[in-house]
Amino acid sequence: MSKKLAAGADAIVLDVKMGQGAFMNTLADAKELARLMVDIGQDAGRKTVALISDMNQPLGYAVGNALEVQEAIMTLRGEGPADFVAHCLEVAGHLLLFGGKAPSMTEAKQLAKDVLEDGRALSKFRIMVERQGGQAELVDNPEKFPKAPFVETIFADRSGYVAGINAGVVGLSCVPLGGGRETKNAPIDHAVGMIIPLKVGDRIATGDLLGTVHANNPQKLTQACAGLEAAFTWSDKPVPALPLFYDTIY
């Protein structure tokens with residue numbers, strides 16, 4: 001997925017993904033797509049902005065259907081990964097600013113943060129689930145989401161700094177698990193996936209947690225564990241953290 005979109009009555013905020021896990025592999029290509037889509041939005045009479053965001057590593061920790069929804073719920077409870085929270089506040093801030101709900105980006109992001117922290121965001125999400133015929137009780141009890149029968153935790157076999165977590169490799173490793181479709185009509189297993197609680201730049205020691213793989217059979221589990229380990233690259237020297245956003249196109 002190279003882009004995501006949020007829209008209000010008069011505003012469109014595009015999240016154009018760039019990196020190893022996105023269709024847009026270079027910043028130049030992402031800027032070209034962003035410019036084109038912003039022009040289309042503005043030609044349609046909408047205030048439009050495109051945020052070019054990083055996908056050289058997974059956003060948040062969870063990869064997989066139920067695992068990602070659980071992470072989203074935990075984020076709405078104020079317990080989400082820092083990068084995911086910051087990303088959401090940035091996108092929400094632009095939408096609130098363009099929608100005329102705040103006079104500045106600083107105030108718009110604070111408004112979004114307030115709604116997140118006081119529980120209104122979680123309450124609104126519950127209402128959205130109910131009105132679309134979903135199981136709203138899962139919002140209050142995310143532990144009831146489907147669980148994979150086979151779970152394996154992967155530990156680091158070396159110390160050093162995380163130089164890369166290839167989001168493309170992670171995503172492709174989840175497809176054979178059933179987390180994505182290899183063919184158009186293939187079924188989706190909502191319980192499978194990965195939890196990767198590390199980011200580029202983190203320092204770890206031998207034996208520290210790399211991630212957890214959730215699978216529906218032992219063979220797929222073994223394959224996915226190998227894929228997860230292959231997604232990591234390492235450095236003996238400190239590595240700077242990746243930016244959440246590379247550019248903003250108006």
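Owing to the predicted nature of the structure, the values given are computational and were not obtained by experimental measurement.
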Next item on the list: Might you work through the side chain to side chain contact (heavy atoms under 4.5 Å, CB included) test for Val85 and Leu89, ending with a clear yes or no?
Entry: CA-CA 6 Å; Val85 173; Leu89 291 178; 4.0 Å; yes
Next item on the list: Please step through side chain to side chain contact (heavy atoms under 4.5 Å, CB included) for the pair Leu177 and Val213, ending with a clear verdict.
Entry: CA-CA 10 Å; Leu177 286 175; Val213 177; 4.3 Å; yes
Check: Which one of Leu14, Leu244, Val91 satisfies the side-chain contact (heavy atoms from CB on, under 4.5 Å) criterion with Leu51?
Finding: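 It is Val91, the one option of Leu14, Leu244, Val91 that forms the side-chain contact (heavy atoms from CB on, under 4.5 Å) with Leu51.
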Heavy-atom count check: over 12 atoms from other residues, nucleotides or ligands less than 6.0 Å from [X] [atom1]?
{"X": "Met128", "atom1": "CE", "result": "no"}
{"X": "Gln219", "atom1": "CD", "result": "no"}
{"X": "Glu32", "atom1": "CD", "result": "no"}

Can you tell me how far apart [atom1] ([X]) and [atom2] ([Y]) are? Round to the nearest 0.5 Å.
{"X": "Leu122", "Y": "Arg77", "atom1": "CG", "atom2": "CZ", "answer": "7.0 Å"}
{"X": "Lys31", "Y": "Met18", "atom1": "NZ", "atom2": "CE", "answer": "9.5 Å"}
{"X": "Ile249", "Y": "Leu36", "atom1": "CD1", "atom2": "CG", "answer": "12.0 Å"}
{"X": "Cys88", "Y": "Lys113", "atom1": "SG", "atom2": "NZ", "answer": "14.0 Å"}
{"X": "Lys199", "Y": "Asp83", "atom1": "NZ", "atom2": "CG", "answer": "3.5 Å"}
{"X": "Thr106", "Y": "Leu111", "atom1": "OG1", "atom2": "CG", "answer": "12.5 Å"}

Could you tell me whether the side chain of [Y] reaches within less than 4.5 Å of the side chain of [X], counting heavy atoms only?
{"X": "Ser173", "Y": "Gln223", "result": "no"}
{"X": "Ile204", "Y": "Ser159", "result": "no"}
{"X": "Leu59", "Y": "Lys17", "result": "yes"}
{"X": "Val49", "Y": "Phe98", "result": "yes"}
{"X": "His94", "Y": "Met105", "result": "yes"}
{"X": "Pro58", "Y": "Ile165", "result": "yes"}
{"X": "Thr212", "Y": "Ile154", "result": "no"}
{"X": "Met37", "Y": "Thr48", "result": "no"}

Any donor-acceptor pair under 3.5 Å from [X] side chain to [Y] backbone:
{"X": "Asn56", "Y": "Gln20", "result": "yes"}
{"X": "Thr233", "Y": "Gly164", "result": "yes"}
{"X": "Gln42", "Y": "Lys47", "result": "no"}
{"X": "Arg35", "Y": "Tyr250", "result": "yes"}
{"X": "Asp208", "Y": "Ala205", "result": "yes"}
{"X": "Arg181", "Y": "Ala186", "result": "yes"}
{"X": "Gln70", "Y": "Phe145", "result": "no"}

I'd like to know if [Y] and [X] are part of one continuous hydrophobic network [Ile/Leu/Val/Met/Phe/Trp/Tyr, side-chain heavy atoms within less than 4.5 Å].
{"X": "Leu67", "Y": "Leu228", "answer": "no"}
{"X": "Leu221", "Y": "Ile196", "answer": "yes"}
{"X": "Val38", "Y": "Ile52", "answer": "yes"}
{"X": "Ile195", "Y": "Val151", "answer": "no"}
{"X": "Val69", "Y": "Val139", "answer": "yes"}

Which heavy atom of [X] sits nearest a heavy atom of [Y], and at what distance?
{"X": "Ala11", "Y": "Gly99", "result": "CB-N, 4.1 Å"}
{"X": "Phe84", "Y": "Ala72", "result": "CE2-CA, 4.3 Å"}
{"X": "Pro81", "Y": "Glu71", "result": "CG-OE2, 3.3 Å"}
{"X": "Asn166", "Y": "Val169", "result": "OD1-N, 3.0 Å"}
{"X": "Gly179", "Y": "Asn65", "result": "O-ND2, 3.3 Å"}
{"X": "Ala191", "Y": "Ala66", "result": "CA-CB, 4.5 Å"}

Notebook entry, point to check: According to the interplanar angle, ranging from 0 to 90°, do the rings of Trp234 and Phe232 count as parallel (below 30°), tilted (30 to 60°) or perpendicular (above 60°)?
Noted result: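 It falls in the parallel class, under 30°.
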Check: Quick one: do Asp114 and Lys109 make a salt bridge, cutoff under 4.0 Å?
Finding: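 Salt bridge flag = no for Lys109 with Asp114.
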Check: Under the salt bridge (Lys or Arg N to Asp or Glu O under 4.0 Å) criterion, do Lys144 and Glu137 qualify, and how do the steps go?
Finding: CA-CA 9 Å; Lys144 293 184 178 180; Glu137 67 272 16; over 6 Å; no
Checklist line | Test ring-ring contact (aromatic ring centres under 6.0 Å, His included) applied to Phe245 - qualifying residues, sequence neighbours left out | finding: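 Once residues adjacent in sequence are excluded, the partners of Phe245 under the ring-ring contact (aromatic ring centres under 6.0 Å, His included) criterion are His87.
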Notebook entry, point to check: Judged by modelled atom types alone, do Tyr246 and Asp54 share a side-chain donor-acceptor pair under 3.5 Å?
Noted result: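 A pair is found: one side chain offers a donor N or O, the other an acceptor, under 3.5 Å apart.
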Next item on the list: In sequence, state the C-alpha distance, the side-chain angles, and the governing distance for Asp140 and Arg126, and then conclude on salt bridge (Lys or Arg N to Asp or Glu O under 4.0 Å).
Entry: CA-CA 9 Å; Asp140 301 310; Arg126 187 185 296 106; 2.6 Å; yes
